[in-house]
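This report refers to the structure that appears directly beneath it.
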Amino acid sequence: MTDTGFDARFEPGQADARWQKAWDEAKCFVADSNSPKPKSYVLEMFPYPSGRIHIGHVRNYTMGDVLARYKKMRGHEVLHPMGWDAFGMPAENAAMEKGVHPGGWTRDNIANMKAQLKRIGFALDWTREFATCDPEYYGHEQALFIDMFKAGLVYRKESEVNWDPVDQTVLANEQVIDGKGWRSGAQIEKRKLSQWFLKITDFAEELLEGLGELENWPDKVRLMQENWIGKSQGLQLKFALSDGQSVEVYSTRPDTIFGASFIAVAADHPIAQGVAADNSAAQAFVEKCKAGGTTAAELETAEKLGFDTGITAVHPITGADLPVYIANFVLMDYGTGAVMGVPGHDQRDFEFSTKYGLPILRVVAADKTAADAPITEAEAGDGVLVNSAFLNGKTVNEAKALIVSRAEDENWGEGKTVWRLRDWGVSRQRYWGTPIPFIHCDTCGVVPAPKESLPIELPEDVDFQTPGNPLVRHPTWKHVECPSCGGQAERETDTLDTFTNSSWYFLRFASQPEDRPFDPEEVAKWLPVEQYIGGIEHAILHLLYARFWTRALKHTGHIDVAEPFGSLFTQGMVTHETYSRSAPEDGRISYFTPSEVERSADSATLKSDGSAVDVGRVIKMSKSKKNVVDPDEIIASYGADAVRWFMLSDSPPERDLPWSEAGIEGCSRFVHRLWRLFGQFDADAQGRDKALDRKTHQTIAAVAEDIEALSFNKAVARLYELTGATEKATPSESRNEAIRSILLMSSPMMPHLAEEAWSKLDGDGLAAMAAWPDVDPALLVDDEVTIAIQHKGKLRDTLTVAKGLPKDQMEELALASEKVQRSLDGAEVRKIIVVPDRLVNIVT
RNA sequence: GCGGGCGUGGUGGAAUUGGUAGACGCGCGGGAUUCAAAAUCCCGUUCCGAGAGGAGUGCGGGUUCGAUUCCCGCCGCCCGCACCA
């Protein structure tokens with residue numbers, strides 16, 4: 001055997017850094033938009049610079065990296081960029097807790113995390129890196145925001161926030177715990193502020209329609225967005241009130257109008273406000289509704305409460321009087337802020353009616369004879385109308401249409417399309433975000449900042465020792481001349497929701513001119529993103545906002561792309577079991593990190609004292625439960641390739657990946673096993689090995705398919721199989737070809753190992769630039785197949801037969817089987833089902 | 001509460017479109033090598049059963065010659081719910 005110069009062991013400690021440097025120097029991963037090659041834009045959701053790369057990031061970026069490297073091997077010009085979603089609350093929290101500046105804290109974090117990413121060997125085009133907190137980025141965002149304003153997509157309106165009366169500050173939903181401020185513990189109030197909104201509802205129809213074209217998005221994400229947009233057809237109808245006014249309600253079930261037993265309005269509905277003005281009990285109830293959380297989840301899980309206003313509404317058909325309630329579960333933002341309560345056929349209305357003793361009527365039943373069946377829970381299903389005068393016997397859909405046309409004829413209501421989607425409130429009363437580029441002038445009103453004045457940069461000299469927004473307190477920052485009249489005016493002190501930063505960053509990656517947000521021609525070259533990868537937690541908000549911005553920018557003439565992400569993949573979380581002990585005195589639980597614990601197959605002990613700890617469930621890694629592993633530590637122990645391989649193996653990428661020490665060790669063993677196999681390349685070997693050739697080519701085709709489908713776990717399993725088969729084979733040209741193919745196929749996944757072996761085997765240039773191995777189609781098909789012989793649906797025997805064997809011969813062979821005859825035991829054969837190349841099922 | 005998803009050995013999972021359940025990895029058991037260990041290699045490993053055979057994909061039903069796959073009803077866990085990113 002020729003000496004290939006392989007060292008006894010692969011040393012990731014030395015090889016990793018060496019090859020990372022080589023890729024940098026060769027500018028391997030810098031994307032060239034002028035290249036004639038087909039273009040692939042591979043993008044993973046960029047991270048928030050929290051300080052350390054999390055193992056979940058590693059998984060996300062490894063998947064993208066494999067695809068990017070694979071595409072390159074297939075001859076594509078690949079854009080695989082990275083940047084930082086750098087605005088957000090954690091930086092302000094750090095500023096408050098540690099007295100550091102949010103900007104400095106963020107930039108330090110970015111430097112650390114970038115170094116971590118580099119150590120994993122990602123094929124990223126770092127020349128396009130930016131952070132959203134760079135004035136060069138958010139200045140362009142300000143310009144885009146002004147353009148949207150000019151296009152009529154931006155407006156201001158009153159909207160509620162969580163107000164902490166002690167800290168005198170606005171809190172995010174996650175900072176409100178059980179209705180109390182997270183720091184102050186004070187009862188949170190809802191307070192109305194004038195805030196900025198983007199008219200995403202103008203695009204509701206388009207965003208809904210567009211989902212139909214996103215064939216390479218997971219169905220679940222499309223469905224979630226569809227439900228979120230929530231298009232519904234219903235009836236908006238007017239009820240005359242006993243106090244001489246009227247109330248408009250919206251219902252998606254107008255067919256159940258004969259079952260209405262009350263009207264309910266939101267606490268901030270004008271009718272509720274009117275009643276509260278001169279009724280202290282009503283006032284108290286409205287106040288009560290204002291306390292507590294603003295989130296939909298809280299509203300809907302809260303006990304359904306109502307206040308009887310004493311006003312009654314006249315049923316437009318029966319003329320009956322219905323009581324009007326103020327209710328805590330009615331949302332002012334949806335429909336008209338008032339509903340008709342039909343307890344028989346809506347669960348919330350049912351609970352409400354049960355509580356307040358209101359009549360519960362059946363107006364829909366399975367059939368006419370069930371008209372008087374008692375109602376024990378709300379029945380929202382289909383059926384025929386009963387107890388409903390002229391609607392009796394009609395189906396739900398027929399009844400809906402009849403009621404709408406009658407309402408329109410008689411002029412008390414009209415059919416209407418209503419969307420659940422609300423306009424996007426982008427105002428944040430915080431420092432660390434994009435300043436909203438507007439100026440408030442007493443004379444001219446709210447005017448956009450001149451484009452020449454952009455970027456409007458955040459002031460550096462701010463203090464976080466006093467609660468509230470530092471931009472408001474800053475001595476000079478907000479004072480400016482009105483661009484319109486030149487008089488004294490003030491800057492807007494609200495900043496933009498950080499979701500706006502992530503709504504167009506993928507365009508900035510595609511091109512980065514200084515004087516414009518992006519170059520439309522470059523955008524046209526790269527967009528849509530060929531493969532976007534990120535967490536399922538972004539299924540609705542981020543992805544919908546990014547789709548909206550893209551469409552809005554098309555509308556304003558900036559670009560000619562409607563959908564930013566051609567193909568979407570949502571990956572699962574990385575999980576780990578937890579280690580804890582509860583203190584005997586007070587039962588307080590303290591958690592331990594995996595590195596503090598010695599874990600064997602059936603026990604877990606704390607390294608420091610050698611006694612047992614409790615092993616908890618496998619859950620998402622979180623700092624509070626300490627079930628985290630640090631990428632740096634494991635890379636130092638096992639090398640980048642073992643970590644990358646672990647990220648790809650076993651668990652399907654869309655599912656959660658449980659981290660385990662044993663698993664990473666297994667991966668590390670495989671890295672070294674491959675190294676040994678690569679070292680067995682024998683330049684003097686002669687002859688072909690037909691079976692191995694077939695296996696090699698089948699694997700190349702299958703791995704390519706798996707990578708393109710992002711089924712990395714399957715690609716990994718196939719590489720294990722081929723590795724096993726190759727190890728067992730005797731030296732031959734075929735075996736050398738198998739080794740070379742394994743090397744190239746493993747290159748996107750374990751690039752450092754591949755590069756090291758490639759150089760030893762005198763490969764041309766860098767493995768990262770090599771081509772994917774070719775497949776001989778003739779070797780893909782087997783000429784024999786194993787078929788199953790079943791009797792009564794149970795497996796009795798298997799036979800190896802020539803592929804494409806005619807049905808009657810398969811049947812004959814099946815009946816000839818001794819095992820089958822024993823199972824049949826002389827029973828009469830009634831039917832034989834034959835599936836070519838698969839099975840024969842004998843029915844007796 | 002509402003919307004969406006997931007559930008297969010000790011364990012992560014595989015299984016064309018309804019067609020041999022458990023590929024491949026981890027762990028575990030046995031063996032080889034070694035002064036010894038590490039590393040490596042070989043064999044075995046769903047459960048019950050000596051075997052023949054039987055049972056088995058969260059639970060309970062259904063459709064089918066045949067169901068992990070399709071349908072209905074439950075249970076458990078996870079994600080989102082508009083100011084976390």
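Computed from a prediction, not measured in an experiment: that's the story for all the values here. Per chain, numbering begins at 1; letters A, B, ... match sequence-line order. Quick note: numbers below take in every heavy atom, side chains included, and nothing from hydrogens, waters or symmetry partners.
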| task | Assign a letter to each nucleotide of nucleotides 61-74 of chain B from its 5' end: B, base within under 4.0 Å of a protein heavy atom; S, sugar-phosphate only; -, no contact. | result | ----BS--------
| said: How would you summarise protein contacts on nucleotides 77-82 of chain B per nucleotide, using B for base, S for sugar-phosphate only and - for none, with heavy-atom distances below 4.0 Å? | reply: SSSSBB
| remark: B/S/- along nucleotides 42-49 of chain B (protein heavy atoms under 4.0 Å) is --------
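Scanning for salt bridge (Lys or Arg N to Asp or Glu O under 4.0 Å) contacts around A:Asp178 gives an empty result, with sequence neighbours left out. For the ring pair (Phe, Tyr, Trp, His ring centres under 6.0 Å) test, residues two or more places apart in sequence or in another chain that qualify with A:His538 are A:His542. Legend: residues meeting salt bridge (Lys or Arg N to Asp or Glu O under 4.0 Å) with A:Asp349, ordered by chain and number and at least two apart, are absent. The ring pair (Phe, Tyr, Trp, His ring centres under 6.0 Å) check on A:Trp432 picks up A:Phe87, with sequence neighbours excluded. Remark: A:Arg655 engages no residue in a salt bridge (Lys or Arg N to Asp or Glu O under 4.0 Å) (not counting sequence neighbours). For A:Phe350, there are no ring pair (Phe, Tyr, Trp, His ring centres under 6.0 Å) partners at least two apart in sequence or on another chain. Scored by the ring pair (Phe, Tyr, Trp, His ring centres under 6.0 Å) test, A:Tyr61 finds A:His57 as partners (sequence neighbours excluded). Residues passing the salt bridge (Lys or Arg N to Asp or Glu O under 4.0 Å) test with A:Asp650: none are found, sequence neighbours excluded.
For RNA chain B, the stems formed by at least three consecutive Watson-Crick or G-U pairs, with both atom-pair distances below 3.5 Å, span B:1-7 with B:75-81, B:10-12 with B:24-26, B:27-32 with B:40-45, B:46-48 with B:53-55, B:58-62 with B:70-74.
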